[in-house]
There are 2 protein chains.
Amino acid sequence: MEGTPTSRAERRRRTEERILSAARAIFAERGFQRTTIRAVAAAAEVDPALVMQYFGSKQELFEQAVRIPSIPPLDGELEPVEELLGRIGMKMGPLPQATLAMMRSMLTHPDAAEEVRGKLDGQVAQLADAIGSGDAELRAALMVSTMLGVTIAHQLLGLTALRGASPERIAETLRPSLRALADG
Amino acid sequence: MEGTPTSRAERRRRTEERILSAARAIFAERGFQRTTIRAVAAAAEVDPALVMQYFGSKQELFEQAVRIPSIPPLDGELEPVEELLGRIGMKMGPLPQATLAMMRSMLTHPDAAEEVRGKLDGQVAQLADAIGSGDAELRAALMVSTMLGVTIAHQLLGLTALRGASPERIAETLRPSLRALADG
DNA sequence: TCGTTGAGTCAACGACTGTTGAGCGAAGTG
DNA sequence: CACTTCGCTCAACAGTCGTTGACTCAACGA
């Protein structure tokens with residue numbers, strides 16, 4: 001069954017990825033503070049000391065775990081509003097664990113807060129640039145805030161009214177609202 | 001200066017309120033987990049053991065601190081959308097410390113999450129009732145989520161584009177968006 | 001005045017946490 | 001084969017936290 005026992009370098013890569021995967025899951029579920037190195041190690045079936053040896057500190061483990069390698073490219077043509085949001089990497093639907101971990105921690109972990117604020121500021125700037133007009137920056141910020149709120153309510157808080165709704169239906173119902181902001 | 005040294009019962013009430021006030025401030029700033037009994041006690045200029053003696057546990061201190069006595073009544077006539085939101089106790093502008101403490105902790109403290117979810121679910125139900133029409137519940141949920149997102153971005157994360165904007169200007173810019181959701 | 005009550009303090013316990021250094025044993029190298 | 005490398009574990013340290021029990025002393029009631 002399990003063919004070659006794999007080389008040493010390969011084993012290390014796998015273990016490291018197993019730790020990162022477990023870390024992402026637990027960080028996303030409990031946030032930074034309530035996540036313990038021991039819990040991550042247990043989920044990865046590894047000794048806690050190994051986690052430290054690989055990542056140096058809990059903070060560095062978090063940074064590696066929430067690092068998203070590439071910005072998801074937009075696929076094909078979309079409705080104007082979705083296109084605008086898609087262009088900055090915001091869309092409805094299930095988010096990667098790394099993003100959830102980041103969002104889960106952003107209100108209680110200063111570093112995560114700064115990271116998210118920076119990312120959102122960047123998205124606001126891009127959106128404002130695409131929108132034009134007078135108070136574009138404020139309207140862009142409100143669009144981003146709206147997406148943020150819906151995502152939190154849906155993915156992290158689990159509002160009853162949103163739990164049964166598909167991402168498509170949410171996006172569709174939300175569209176006039178976002179368009180009103182985009183058009184001014 | 002300090003007239004009567006105050007009676008024993010009065011002193012107790014003042015100390016208790018001093019502790020609650022300090023707790024609200026620190027809970028609002030750091031969230032539940034990162035707030036220590038010791039820090040609250042220090043801010044209230046009291047021994048940590050006294051906090052325990054008065055409130056029994058950190059969890060009970062939190063519950064007492066975030067308890068909001070009364071629902072703010074809506075004042076006078078408002079624009080339709082603001083009236084709808086005001087009716088359920090949602091409005092722009094500075095929020096009480098207790099509310100901020102609750103929101104700060106809602107993503108990482110399960111009890112706070114449940115409390116907020118319950119409150120928001122209730123507001124969604126009220127809003128949906130006032131809106132009527134077909135998918136009223138989903139649209140109401142998105143309105144509440146929008147308010148939530150803007151509040152988080154503005155008060156807790158401090159998005160650059162929102163930091164300089166007055167609550168009135170935000171409310172005004174946001175109005176067409178919310179109306180689009182309310183009208184369907 | 002004297003005993004009682006209760007606000008407030010002090011020192012400590014036990015649990016948990018991030019983190020560390022020594023060591024084991026198998027994979028790699030000559 | 002002998003020797004080194006390194007993935008990995010074990011046991012422990014040091015600090016912090018919520019929580020507790022004994023204690024001090026001024027306000028109170030009779």
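Computed from a predicted model, the values in this text were never measured in an experiment. Naming: A, B, ... by sequence-line order, numbering from 1 per chain.
In this structure, of dC10(D), dT20(D), dG18(C), it is dG18(C) that holds the atom nearest to the side chain of K58(A). Residue I37(B) places its side chain closer to dG18(D) than to any other of dG18(D), dG18(C), dC28(D). Out of dT9(D), dT9(C), dC8(D), the shortest distance to the side chain of V46(A) is found at dT9(D).
Put simply, the side chain of R8(B) and the base of dT5(C) share a donor and an acceptor less than 3.5 Å apart. The base of dG18(D) sits within donor-acceptor range of the side chain of R38(B), with an N or O pair under 3.5 Å.
In this structure, CZ of F62(A) is placed 14 Å from P of dG18(C), rounded to the nearest angstrom. As a whole-Å value, the separation of L50(B) CG from dG18(D) C1' is 15 Å. Computed from coordinates, the R13(B) CZ to dG8(C) P distance equals 12 Å when rounded to whole Å. Rounded to whole Å, atom P of dC17(D) lies 10 Å from atom CZ of R30(B). In this structure, Q59(A) atom CD and dT17(C) atom P are separated by 18 Å, rounded to whole Å. Between the CD atom of E10(A) and the C1' atom of dA26(C) there is a distance of 17 Å, given to the nearest Å. Atom CD in E16(B) sits roughly 9 Å away from atom P in dA7(C) (whole-Å rounding). The separation between I26(A) atom CD1 and dG18(C) atom C1' is 15 Å, rounded to whole Å.
For the pair R67(A) and F62(A), the cation-pi criterion (under 6.0 Å, within 45° of the ring axis) is not fulfilled. For the pair R12(B) and Y54(B), the cation-pi test (distance below 6.0 Å, angle within 45°) is passed.
Remark: dA30(D) base-pairs with dT1(C). Criterion, Watson-Crick or G-U wobble with two distances under 3.5 Å.
Between the side chain of S21(B) and the backbone N or O of E17(B), no donor-acceptor pair lies under 3.5 Å. Here the side chain of R24(B) pairs a donor or acceptor atom with the backbone of A65(B) at under 3.5 angstrom.
Both R18(B) and M52(A) lie near DNA chain C, and the one whose nearest nucleotide falls closer to the 5' end is R18(B). Residue order along DNA chain D, read from the 5' end via each residue's closest nucleotide, puts D47(A) first among T36(B) and D47(A). In terms of position along DNA chain D, the nucleotide closest to R12(A) lies nearer the 5' end than the nucleotide closest to the other residue of the pair R12(A) and T35(B). Closest-nucleotide positions on DNA chain C for Q53(A) and F32(A) were compared, and the one nearer the 5' end corresponds to F32(A).
Of the side-chain N and O atoms in T15(B), one or more sit less than 4.0 angstrom from OP1 or OP2 of dG8(C). When the side-chain nitrogen and oxygen atoms of R11(B) are compared with OP1 and OP2 of dG6(C), none of them lie within a distance under 4.0 Å. The shortest distance between the side-chain N/O atoms of Y54(B) and the OP1/OP2 oxygens of dG8(C) is below 4.0 Å.
The nearest pair of heavy atoms linking Q33(B) to T108(B) is NE2-O, 3.1 Å.
With salt bridges taken as basic N to acidic carboxylate O contacts below 4.0 Å, one links D135(B) and R139(B).
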